[in-house]
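Notes to accompany the following structure.
Since the model is a prediction, treat every value here as computed from it, not as a measurement. Order of the sequence lines fixes the chain letters, A, B, ..., with proteins taken first and strands second; residue numbering starts at 1 for each chain.
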Amino acid sequence: APPDWFPKESKKPFEEIVVGFANLGPSLNGYAAAYFKAFNEYAAELGVKPIMTDAALDPARQADQVRDLIAQQVDVMIVWPVNGKAIVPAARQVAQAGIPLIISNSMIDESGMEAMTSYTGPDDYAEAQEAGKIMAAALNGKGNIVLLNGTPGYRMAQLRYDGFMEVISKYPDIKVLDSQPADMSQAKGQTLMENFITRFGKQIDGVYSVDSGVGFGALTAARAAIQEGTLEAGKIKFVDATMYGFVWDLIKTGEYYGSVYQSPEEDARLALRSALKLAAGEKLKQFEYLETPGVTKANVDTISRPNF
Amino acid sequence: MSLATDRLQPSATSFDGLKTFIRSNSVWLLALALAVFFSLQSAFFLTPFNISNVLTQCVFVGLLAIGMTPVVISGNIDLSVGAVVGLTACIVVALQPYGLGVAVLAALAAGVLVGLVNGLIVEKMGISSFIVTLAMMSGIRGLTFLAIGDISLSSTDDRLNAFAMLAIGPISIVVVLFAGLAAVVGFVLRFTPHGRNTFAIGGNRSAAVDAGIAVSRHVIANFALCGLMAAICGIAMAANLGAAAPSFGRDYELLAITAVVLGGTRLQGGKGGVTGTLGAVLALAILRNGLNLLRVSPFYIPVIVGVVLIIALVLDRQVNGQAMRHGE
Amino acid sequence: MLDRKVDEDRSREGFAAAGEPLMRIRGIAKAFPGVRALAGVNLDVFAGEVHALCGENGAGKSTLMKILAGGIRPDAGEILHSGAAYEPKNPRDARNGGVVLIHQEMSLAPDLSVAENIFLGSLPCKWNGMIDRRKLNDDAERALKACGYDIDPAARVGDLPIARQQMVEIARAAAFPCSVVIFDEPTATLTEAEAESLFRTIERLRKNNVAIIYISHKMKEIFRLSDRISVLRDGETQATLRTADADEAQVMSLMIGRTLDRRQASTWKFAGNEVLTVSGLSSPGAFEDVGFSISEGEILGLYGLVGAGRSELAEAIFGLRPASGTLLWRGRPVTVRHPRDAVALGIGLVPEDRKKQGLVLGAGGRENVILANLARLSAWGLLRRTRAAALYSEFTERLRLRSPSPTTAVVTLSGGNQQKVVLAKWLATDPRLLILDEPTRGIDVGAKDEVYKIIRELAANGMAVLLISSEMPEVLGLSDRIVTMHHGRLTGEFKGGEVGEEDLIRAVMSTDHNRPAKPPAAA
Amino acid sequence: MPAMIMTSGARHAPVIAAALTLLAAWLFIPQLLDLQNVNQVLRQMAVPAIMALGVTFVVIAGRLDLSVGSVLSCSAIATITLLNEVGPVAAIAVALAIGVLVGCLNGFLVAYLRLNSLIATLGTLSIVQGMALIYTGGANVVMSDLEASTWFTSISRGYVLGIPSPVVLTLVLAVLCGVLLHASTFGRKVFAVGGNSIASAYSSIDVRRTLFATYVIADGFAAIAGVVYASRVMTARHDSGVGLELLVLSAVILGGTSLIGGSGSVLRSILGIVVIGAMQSALLLLGFPFYMQWIAVAVVLIAAAWMNVISRTGREVA
Ligand SMILES: Nc1ncnc2c1ncn2[C@@H]1O[C@H](COP(=O)(O)OP(=O)(O)OP(=O)(O)O)[C@@H](O)[C@H]1O
Ligand SMILES: Nc1ncnc2c1ncn2[C@@H]1O[C@H](COP(=O)(O)OP(=O)(O)OP(=O)(O)O)[C@@H](O)[C@H]1O
Ligand SMILES: O[C@@H]1[C@@H](O)[C@H](O)OC[C@H]1O
Ligand SMILES: [Mg+2]
Ligand SMILES: [Mg+2]
């Protein structure tokens, strides 16, 4: 039976709706993996069978896969773009085929916005602003920070940088020592941080990472340096823009300063639910944002621990 | 053919004929088998839209693989093509403000230039092409990122994307262009001195040198051609996606080489051709498309593709394999 | 009967080196790192003469010819061709200058057609840049016909048997207008009948006033063909003789700098026990129902024409090729599935193609010698280095190997010295049965004699030797017993010393000579 | 004589290049040779170094192994997931078994089925990584107790006699490999097979078994590297090792091991890794954008290969 939020007057019976999902691939990071797991579980729970494709982070392949889904005449399509700009022509083809389109998690470029029916997911810019505020508060508006950014070319990385810098640039006493791409990879975060420590040593007061995966890599590097006496314990404030479970633990203990809550389960469920509604013919808001509150030791207990 | 009678036997049995056919077209048979299988499994497979889809999906890897074929036949390899795709895609988009013509020409020139540099280093410095192009792959990628940054570029000139979206009936213009280029390269390999010399160089380089063939020139020309095809791929990708990023074409070199080898071109050189490469590109595209239509979980696709790759290699060894030396 | 023919051909007896030479070579020198290959060679070659070039392995013959053909540039010296300075920068230059080299090592592209190979480097084109296939095939057909070869110009070269490939190589000489043709050991892989047709080709070229330089280690050919003989030793010209005035002994002593002791070693044999008995041995497509036995101290010659299947038989005995049938080793049945099994029994094989099968060319001599002896040189899996070094010096000294050092890459050694490295490798395994497949192919008379001496000595010490050879004198001169093979079957058995050349030839030829015996090995 | 000196000089090109790179870098960036930074670089490079040890065998035998990166991922995933359940010893045993198993598969494909090693190992790369993807669903596997410090965590984070423990481990393994490759009869076989596999077979060497063994070694070492990785990073994913195969191959080439096979050494491969590590560190310390490393790797790779060519021609051809 259809869930109660499903429109009573649907264009198509609930059971017959085919959802196509062209995703960028779980290879992106732990968040994406948790998202897909949740998505599949939710689909099973609802009794719908989505057609999933994995672009393995290749924009050209993703465009091909979107066309594969058009060929299968899906009723509604979700796309998590590898590249917000490169998805535009394929998105237009989706629109031409009369298929409603949801862009999930990572925005499509402005130029393709008319092809998109609705966006669901985080507001990356706002999230980064939130992280910026946390960092500014952690440093009392004064100090040196290093930035560990996301995958080069991935739109989210840019937004997470711009939003953060918008806030930080209001504090003339906060200086950015350097910024390097950590590829959304923990190992890379660790390696880069080790080099930052050698280069800047005790100058570093704060580390902003694109998400907890990268941030935890940086923390691991700092721990080793603390053990060796190169750094003082507790001096560096670690902040990132998407909280993973293990960082939730560390915020509780105080070793990690703060992060931003963003739930892959909510993200996935929102996308699927919105897709089904669209297929039924319901009108949606153009932007359906997730709640992304900032998290520090002060409020960590009010937020449930992410399980990824 | 025997020790004493070298004339081709006209009275070859029909079984021999079949065998020869299978031998030179094994990968086409694989493509055919896959197509039959998937059309039985999915009603969508043989729809015009999907057929045109599969053909379109051949184009990018196909362009690279066609360009790579002469390079491999001459006994070399080019690992830098994926990076060239990223570079030229960025060039053709970034230079649009100077006019589309300028942008396209600059991208083509950049591809040829990289090819020439590859060829020159290989020939004049005597370094193995695997190493040279491995280095170039890393270097070009680095340069592109350094020049463009961690961003993607939107195509501002709509003509580029509009061209890519043109179609003749259900067949995309890009496919037609690709088919034309493949025919030209195939023709050059088979019917021109450059093509035959390419085979000679890969088959026995010192023989080619001794015969007075200007070996270096042919090798460099093949690298340049390969770079040109990679540039065309980069332009086509930027056109098709209406955007460009330095990361475009990542791992495509491996996909292209896989297609070349599956197509029956010998990695040591001297043997092969465009027809086989085309068949392999098609077979791989059908496989991916079909698995998709069958709703196979994306998690399983790398495993299936890997297994099919190995099975195809094993089968090729069975039909085409060198007489194996016992004990070796 | 061959000899009579030679006499008839002596119409050119009066060849006189008069007038201007077509090619004048003066003071040509060439050094490779560590080796002085040529140390000032002088040579005059006249139009219309066959000029034989003799010399030990490594004397510098091939190097000199490669210089003439544009493959290598000399360090010093000058060459005049028709009175003008001749400095080819590459083989194309040389060919344009009318100089064609038929290589010692096969120089063909296996995946191209016969015609394409003949005209490699100068394929005929149509106005539109396409190859003119018809002209190509017609011209090739003509060149092949001119040499008397019946080969399909459209056949893929890699599909041809090795001897036919050599013919394709030779046909190149007839395909181009040329003034100088160089043959570097062209008959090494040809049967005598095939060699005959080569000689006719050479005769035709000579009549067309072409200068021919002919390199060979086969004295008989040299005296049969040439007008003059030049001898090279250690990269220098020793002498140029008129063939009519010279004899073999003279040429040989010029080559090696001493007179050869050609006395036969003692022919006394003790009647040993049977070492290996082969019966009903078959390998589809190669040989069928082969049976023979060989005893301690015996040299068993296995004679046949190229393609008879002798190498395949050797490979089967050595575990390199699957075969059915029985092998008895000292009376006990054994199975040999891998060369390891063969070596464990005490069998060694010196293969016919030393570069492909015999040597790791990039490695040093010592490295090569230890390869078949690793099991014995191992202590707890580690290589016993001093033992290895000792083994190497013992056997290479015995064979008088000339190599700058134990680690010098064998690729830089001359053919004869390379062959000695292979021999050393197998002698070091202390085999009870040594199979020698064409052990003297491409090696000079001096080295040949040494090898013969070694073979006799080994047999005298009780080793059984299976000698596979296409050279009749070799088989006749060395073997205690001879079996002949034709089309994969044994066709006769003869006692050494009681058999003549005609008997052997009869045994390896038959009327169905042209019947296909087996599919060629894929290249 | 001068030619001889130049020749032997060129033969040691990688060593000289390493020394020069370090010297130059140190002149500009004094911190580079700070004990702490040296320790750090060495610690970081231990994982690729251990992989390079194994890959050297395959390359000397004239083949390639592109699957080592995915073996590392699998091994690290196995180590971390099993650590909590069955303890470190059993976890490591399973991880190593995975490496050996993949090595057997590769060895079977390349040695016994005689498939082209580049494409065949590309196939196994895809299969192994895909299996890891299926197993983890793409998620990070994370060590349950991130703050624990046990002997397992000290594999990569501890010290032995003041030297970082992964460096000690790498050195021990390098000595082992050095002995195996340069002093054992097996090593001679590996070189012979790479130099001329047909002649090796005629010399009674079991070519197939030798080749097979090189893959077991390469993938076994990749699995060891995976354990070290797990201990160092404490989390892993199906694609943790992506890209390492080419980094490691670059290091091996940089060390002067010829891709044609038949030549090379363990020491040189380690040097190749050190050069790359030092270079990366130097560029980062100088504040260059990350991509500069890619360009630098390209330049160094071609330069090293060229020196190698010069040294080879110096020995053989004019
Ligand atoms: N490319 C090379 N590098 C180093 N040394 C070489 C090279 N080519 C030839 N040599 C050396 O030069 C000398 C002359 O060799 P060359 O091949 O000319 O002898 P050859 O007279 O043709 O002998 P053979 O009768 O065995 O063919 C030998 O010592 C050989 O080892
Ligand atoms: N088509 C071919 N291409 C390459 N090599 C070939 C071809 N045919 C034969 N050969 C090689 O030529 C050599 C001689 O042929 P084969 O082994 O058939 O006869 P054989 O009785 O051993 O003769 P011989 O010992 O006199 O050469 C062998 O090494 C064989 O592998
Ligand atoms: O929004 C997501 C981010 O928060 C996560 O960490 O990585 C993937 C992103 O798309
Ligand atoms: Mg010679
Ligand atoms: Mg033979």
Item to check | Point-to-point distance, once rounded to the nearest 0.5 Å, from OH of B/Tyr300 to CG of D/Leu133 | outcome: 9.5 Å

Checklist outcome for this item: Under 4.5 Å to a heavy atom of chain B? For D/Leu118 that would be side chain

Item to check | Option in B/Ile301, B/Thr258, B/Leu254, B/Ile131 with maximal non-hydrogen atom pairs under 4.5 Å from chain D | outcome: B/Ile131

Item to check | Contacting region of B/Ser128 [heavy-atom separation from chain D under 4.5 Å] | outcome: side chain

Checklist entry - Just how far is it from atom CE of D/Met292 to atom CZ of B/Phe145, taken to the nearest 0.5 Å? => result 15.0 Å

Item to check | Part of D/Leu125 within contact of chain B (heavy atom distance under 4.5 Å) | outcome: neither

Checklist entry - For chain D, which residues from residues 280-295 of chain B have at least one heavy atom closer than 4.5 Å to it? => result none

Item to check | Side chain B/Ser138, main chain D/Trp294, donor-acceptor under 3.5 Å | outcome: yes

Next on the checklist: Between D/Leu113 and B/Ile310, is there a side-chain heavy-atom distance shorter than 4.5 Å?
Outcome noted: no

Checklist entry - Is chain D contacted by the side chain of B/Val307, its backbone, both, or neither, given a heavy-atom distance below 4.5 Å? => result both

Next on the checklist: So for D/Leu115, is it side chain, backbone, both, or neither that comes closer than 4.5 Å to the heavy atoms of chain B?
Outcome noted: both

Checklist entry - Going by heavy atoms in the side chains, are B/Leu146 and D/Phe288 under 4.5 Å from each other? => result no

Checklist outcome for this item: Most contact-rich option vs chain B, by heavy-atom pairs under 4.5 angstrom, among D/Ile134, D/Ile302, D/Val300, D/Leu301, is D/Ile134

Checklist entry - For D/Thr210, is it the side chain, the backbone, both or neither that has a heavy atom under 4.5 Å from a heavy atom of chain B? => result neither

Next on the checklist: For D/Met131, is the CE atom crowded, meaning more than 12 foreign heavy atoms sit under 6.0 Å from it?
Outcome noted: no

Checklist entry - By a 4.5 Å heavy-atom criterion (distance strictly below it), what part of B/Ile257 contacts chain D: side chain, backbone, both, or neither? => result both

Checklist entry - About how many Å separate CG of D/Leu246 and CG of B/Leu79, when rounded to the nearest 0.5 Å? => result 8.0 Å

Item to check | Close side-chain approach of D/Ile127 to B/Ile304, heavy-atom, < 4.5 Å | outcome: no

Item to check | Closest contact, heavy atoms only, B/Pro302 versus D/Ser126 | outcome: O-OG, 2.7 Å

Checklist entry - What part of D/Leu64 lies closer than 4.5 angstrom to a heavy atom of chain B: side chain, backbone, both or neither? => result side chain

Next on the checklist: Please evaluate residues B/Arg266 and D/Asn116 with respect to the criterion side-chain contact (heavy atoms from CB on, under 4.5 Å), reporting the C-alpha separation (whole Å), side-chain torsions for both, the decisive distance (0.1 Å), and the verdict.
Outcome noted: CA-CA 9 Å; B/Arg266 195 196 291 142; D/Asn116 178 282; over 6 Å; no

Next on the checklist: Show the nearest heavy-atom pair for residues B/Ile127 and D/Ala305, with the distance to one decimal.
Outcome noted: CG2-CB, 3.4 Å

Checklist entry - Given a strict heavy-atom distance threshold of 4.5 Å, which part of B/Ile121 is in contact with chain D: side chain, backbone, both, or neither? => result side chain

Checklist entry - How long is the gap from CD1 on B/Ile148 to OH on D/Tyr291, to the nearest 0.5 Å? => result 11.5 Å

Checklist entry - Looking at side-chain heavy atoms only, is the closest gap between B/Val303 and D/Gln129 below 4.5 Å? => result no

Next on the checklist: Please give me the minimum heavy-atom distance between D/Ser250 and B/Leu134, naming the atom from each residue.
Outcome noted: OG-CD2, 3.8 Å

Item to check | Minimum heavy-atom distance D/Ala120-B/Leu313, with the two atoms named | outcome: N-CD1, 3.9 Å

